[in-house]
Amino acid sequence: MQLLSSQNRDQLLEQLANTKFDLLIIGGGITGAGIALDATTRGLKVALIEKNDFASGTSSKSTKLIHGGLRYLKQFEVKLVREVGKERAIVHKLAPHLVKPEKMLLPLIQGGTYGPLMTSVGLWVYDFLADVKGKDKRKMLSAKDTLKQEPLLEVQKSALKGSGYYAEYRTDDARLTMENLKTAVSKGAFVANYVKGVSFQKNDSGQVEALHCQDELNGGEFTIQADFIVSAAGPWVDTIREEDRSLKGKKLFLSKGVHIVVPRERFPIQQAIYFDVPDGRMIFAIPRLRVTYIGTTDTPYDGDSNNIPILKEDIDYLLEATNNMFPNINLQESDIESSWAGLRPLIYEEGKSASEMSRKDEIFESNSGLISIAGGKLTGYRKMAERIVDLVGKKFEELKGVSLSACQTKNIPLTGGPFQNDQEVDDLILSYTEMLKPFKLGSETAAYLVANYGKQTEAIIELLSKEFQGNNPHNALARAEAYFCINNEQAQKLTDFYDRRTGRLYFNLPSIEPTTEAVIDVFASELGWSDTRIQKELEELNQAIYVVAKAFKSSSAQAV
Ligand code: FAD
């Protein structure tokens, strides 16, 4: 079985340069990862390149919900809600440690966006479209039961009319991308981060036949040959269509979404809440181990897609919205521990605002044969991949006379599993809690490890037992995770580790500084880093911390 290791990069890039692939995918976000898995398991020889780290684009910046998108019902997006609604249960089954059921509470406040009747009917339709069954079906709660569910709403008591209580799922978008990529690699895909697709090579009839690439880590250029090239470049899809000279007709519209993270004790909600903002929008507040995160904004963006600023006005919007619903909490800018900003790659629709624009995915086929996919949701990645591979499969059959099998991914558990059900996940947390006791680590660590790595936690605990000697437990754990991520998840940089592999940059920022030295030590020994490289890595990590935790405090630039 192939591994997604950082150790064999030279060999991997050589293989990419010297193999003729059936399919080359540009972009290692969830869309590209899903396509890689689907295509590989249908028998295609697949390569995927990512210009930065995997999931470093939108796929680590979402609200991290596997959800049907209740609000799209208001826009009559019935087909979209039906598809992604049904996908929730499938993606949950594929990785129950990573996609966990999360009941959502929608409080109904006097004068709010929806009344009890509208909410009840809306949630019924939502459940019906997604085929939600049994105890997961929506319930309408009285004001009294709502307060039992979420005592922090006590402050709204006189205006509280009750709530809708319905089923959703939460995940970690970057980890979901990672596990799709790892599963694809275990089935034979060739996958590399820090490789940028720069320009196309076309044959005499103008058809794309190869992609000239740049090694963004060590420098150097090479070319990847493929019968078909798919661009799953998210917010950069139009940049690539421009390079292909096929940017006409429908175009992308980028909408920025910001989230903020506060310590759980400053906003101690008991469960996920979807609540009204005075401007008519709604936002989520979601508890996650030691923190609560809140989001999102939805504003047009035409700045640099590689560097998305979090502005003071974004922060103020989220703080005001939260304090409007929970005035007793009185969240302040100084409570914000971390934050993130991402871009929704939407398909432009004349006359609509950012939040009104459809979240549907769309496929563009250019005269050169380049196929691009944009729009869509994290939740719908598997169906998006199926559509793309069906299309590639038709063309493959025309070219080679070989037909591909039907999509298999519904039945392929992701790495970290398989699990029979949620109970097995809970049992595993209990069993790892016991195994972690000798290392002075508790149940919260076990829950974090299982959510992040599933059954792969066992390999991390094995590494931990070697690292524990003489190290404090938290450093030993960080070292064990670093070994695992370098050798199994192509972590190339400190930021890959602290951001996309472990989520510490957002959800456990205070754990970074005390563990940095230990983690650098592992990276340096595993990847042969020089002092200059260590210095560069530290600067990049400090910059990343500054961006999520501090930059907005001095930023009041105009929203673009
Ligand atoms: P990306 O993740 O952006 O991946 C594209 C990749 O292509 C990038 O990593 C980029 O570096 C790479 N790339 C670009 N150019 C090149 C090149 N030349 N060579 C090589 N690589 C290249 N959906 C949900 O289902 N649930 C949610 O809760 C949710 N919340 C959201 C909240 C926000 C604020 C936002 C912005 C989106 C949210 N979404 C949600 C939508 C979801 O996050 C996106 O639909 C999804 O992540 C898009 O993934 P992608 O792979 O298409 O794009």
Side-chain angles (χ1 to χ4, degrees), residues 12-29 31-36 38-40 42-52 57 189-216 219-252 305-306 345 347 361-375 384-385 387-404:
L12 174 65
L13 298 197
E14 227 174 272
Q15 282 169 319
L16 286 173
N18 295 325
T19 310
K20 168 97 186 270
F21 290 94
D22 297 325
L23 173 65
L24 168 62
I25 301 156
I26 307 173
T31 309
I35 297 169
D38 189 321
T40 308
R42 290 208 229 177
L44 292 181
K45 195 166 190 62
V46 174
L48 177 146
I49 54 154
E50 162 54 54
K51 76 179 164 82
N52 200 282
F190 291 73
V191 168
N193 55 4
Y194 295 101
V195 172
K196 182 176 182 180
V198 180
S199 61
F200 293 101
Q201 180 178 306
K202 296 185 178 172
N203 64 16
D204 292 345
S205 12
Q207 297 296 292
V208 289
E209 58 176 15
L211 184 70
H212 300 302
C213 299
Q214 209 159 286
D215 177 355
E216 297 284 280
E221 289 167 7
F222 59 98
T223 299
I224 307 177
Q225 316 276 334
D227 284 328
F228 301 102
I229 302 183
V230 166
S231 162
W236 295 268
V237 154
D238 280 358
T239 312
I240 288 174
R241 289 168 77 205
E242 213 160 59
E243 171 52 39
D244 178 50
R245 302 215 170 79
S246 60
L247 182 57
K248 43 185 176 277
K250 287 189 179 176
K251 293 197 178 138
L252 288 194
S305 300
N306 297 306
I347 316 293
D361 58 284
E362 210 150 317
I363 295 175
F364 306 109
E365 282 186 72
S366 97
N367 291 336
S368 71
L370 173 71
I371 300 169
S372 307
I373 181 159
M384 288 165 72
R387 279 192 278 280
I388 280 283
V389 182
D390 282 349
L391 177 65
V392 171
K394 258 192 220 151
K395 293 173 184 289
F396 186 78
E397 190 173 354
E398 278 163 26
L399 187 75
K400 306 254 163 124
V402 180
S403 59
L404 300 189

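Residue indices begin at 1 and follow the sequence shown.
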Visitor: Can you tell me how far CG of Leu247 sits from CG of Asp238, rounded to the nearest 0.5 angstrom?
Guide: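 It comes to 4.5 Å.
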Visitor: Work out which heavy atom in Ala33 is nearest to a heavy atom in Leu48; give both atom names and the distance.
Guide: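 Looking at all heavy atoms of both residues, the closest pair is N-CD1, 4.0 Å.
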Visitor: I want to check something: taking the side chain as every heavy atom from C-beta on, are Glu365 and Leu391 in contact at a cut-off of under 4.5 Å?
Guide: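 In contact.
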Visitor: Please determine whether side chain to side chain contact (heavy atoms under 4.5 Å, CB included) holds for the pair Leu370 and Phe364, giving the CA-CA distance in whole Å, both sets of side-chain angles, and the decisive distance to 0.1 Å.
Guide: CA-CA 8 Å; Leu370 173 71; Phe364 306 109; over 6 Å; no
Visitor: Find the distance between CG (Leu16) and OG1 (Thr223) and round it off to the nearest 0.5 Å.
Guide: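 OG1 of Thr223 is found 11.5 Å from CG of Leu16.
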Visitor: What heavy-atom pair brings Ser199 and Glu243 nearest, and what distance separates the two atoms?
Guide: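 Of all heavy-atom pairs spanning Ser199 and Glu243, the closest is CB-OE2, 3.2 Å.
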Visitor: Restricting to non-hydrogen atoms, name the atom on Ala232 and the atom on Ile35 that form the minimum distance, rounded to 0.1 Å.
Guide: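 What the structure gives for the nearest pair is CB-CD1, 4.2 Å.
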Visitor: Can you tell me how far the CG atom of Asn52 sits from the OH atom of Tyr194, to the nearest 0.5 Å?
Guide: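 Between atom CG of Asn52 and atom OH of Tyr194 there are 5.0 Å.
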Visitor: Give a yes or no on this: more than 12 heavy atoms of other residues, nucleotides or ligands lie within 6.0 Å of atom CG of Asn203.
Guide: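 Check passes, neighbour count above 12.
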Visitor: With respect to Ile229, which candidate in Ile25, Leu23, Ile224, Ile26 satisfies the side chain to side chain contact (heavy atoms under 4.5 Å, CB included) definition?
Guide: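 With Ile229 as partner, side chain to side chain contact (heavy atoms under 4.5 Å, CB included) holds for just one option, Ile26.
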Visitor: Looking at Asp390 and Arg42, is there a salt bridge between them, counting it only when a charged N and a carboxylate O are closer than 4.0 Å?
Guide: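 Here Arg42 pairs with Asp390 in a salt bridge, since their nearest N and O are under 4.0 Å apart.
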Visitor: Which value, rounded to the nearest 0.5 Å, describes the distance between Leu211 atom CG and Ile240 atom CD1?
Guide: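 These two atoms lie 8.0 Å from each other.
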Visitor: Nearest 0.5 Å, please: how far is CD1 in Ile363 from CD1 in Ile388?
Guide: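 Answer rounded to 0.5 Å: 4.0 Å.
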Visitor: Between Asp22 and Lys400, is the side chain to side chain contact (heavy atoms under 4.5 Å, CB included) condition met? List the steps.
Guide: CA-CA 10 Å; Asp22 297 325; Lys400 306 254 163 124; 4.0 Å; yes
Visitor: Could you work out, with side chain to side chain contact (heavy atoms under 4.5 Å, CB included) as the rule, every residue matching Lys202, not counting sequence neighbours?
Guide: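 Partners of Lys202 under the side chain to side chain contact (heavy atoms under 4.5 Å, CB included) test: Phe200, Val208, Asp244, Ser368.
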Visitor: The test is side chain to side chain contact (heavy atoms under 4.5 Å, CB included); show your working for Leu399 and Phe228 and say whether it passes.
Guide: CA-CA 10 Å; Leu399 187 75; Phe228 301 102; 4.1 Å; yes
Visitor: Check Lys20, Lys45, Gln207 against Asp227 for a side chain to side chain donor-acceptor pair (under 3.5 Å) and give me the one that passes.
Guide: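 The single option meeting the side chain to side chain donor-acceptor pair (under 3.5 Å) with Asp227 is Lys20.
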Visitor: What are the two closest heavy atoms between Lys51 and Glu216, and how far apart are they?
Guide: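 Residues Lys51 and Glu216, closest heavy atoms: O-CG, 3.6 Å.
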Visitor: Would you name the heavy atoms of Glu50 and Gly29 that are closest together and state the gap between them?
Guide: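 Heavy-atom minimum between the residues: OE1-N, 4.1 Å.
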Visitor: Side-chain contact test, heavy atoms from C-beta onward, threshold under 4.5 Å: evaluate it for Cys213 versus Ile49 and give yes or no.
Guide: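 Yes, at least one pair of side-chain atoms sits under 4.5 Å.
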Visitor: Please report the closest heavy-atom contact between Pro235 and Leu252, naming both atoms and the distance.
Guide: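 Nearest heavy atoms, Pro235 then Leu252: O-CD1, 3.8 Å.
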Visitor: Short question: side chain of Asp38, backbone of Gly34 - any donor-acceptor pair under 3.5 Å?
Guide: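 Absent.
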Visitor: Roughly how far, to the nearest 0.5 Å, is NE2 of His212 from CZ of Phe222?
Guide: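 Atom-to-atom, Phe222:CZ and His212:NE2 are 12.0 Å apart.
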